Amino acid sequence: MFQFTDIQPSGTGKPESVFISWLLWQPRGADLPVEALKEVDKLSRCESADPDIIRLRELFASLAGADGPKH
């Protein structure tokens, strides 16, 4: 089949697309900051330095209100 040998950051706005899709699939009445913080926690476990993952985590952190100064 296919084999990916050169994995590079997409640079296509992919994190924003994932974020918007996530927002659209949240159930009515969901506490978006709480749900976003759950996603931040999941993404924080990822040890990748991929800029797309970092950007996606930043988007969720911003929604969660956790985008203040980092210590």
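Bear in mind that the values here come from a model prediction, so they are computed numbers and not experimental data.
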Using the rule that two of Ile, Leu, Val, Met, Phe, Trp, Tyr join whenever any of their side-chain heavy atoms come within less than 4.5 Å, decide whether Val18 and Trp25 are in one cluster. no
Provide the closest heavy-atom pair for Arg57 versus Ser44 in the form atom of the first, atom of the second, distance. CD-OG, 3.4 Å
Flag, side chain of Ser21 to backbone of Ser17, donor-acceptor distance under 3.5 Å: yes
So, do Glu16 and Arg55 sit near enough that their side-chain heavy atoms are less than 4.5 Å apart? yes
Joint hydrophobic cluster, Ile54 plus Leu43, side-chain heavy atoms closer than 4.5 Å: no
Trp22 and Glu35, any side-chain heavy atoms less than 4.5 Å apart: yes
Check Pro33 against Asp31 and note the closest heavy-atom contact, atom names and distance. CD-OD1, 3.1 Å
Nearest heavy-atom approach of Pro15 to Asp52 is CG-O, 3.4 Å
Measure the shortest side-chain to side-chain distance between Leu63 and Leu23 over non-hydrogen atoms and say whether it is less than 4.5 angstrom. yes
Smallest separation among heavy atoms of Ala61 and Val40, with atom names: N-CG2, 3.3 Å
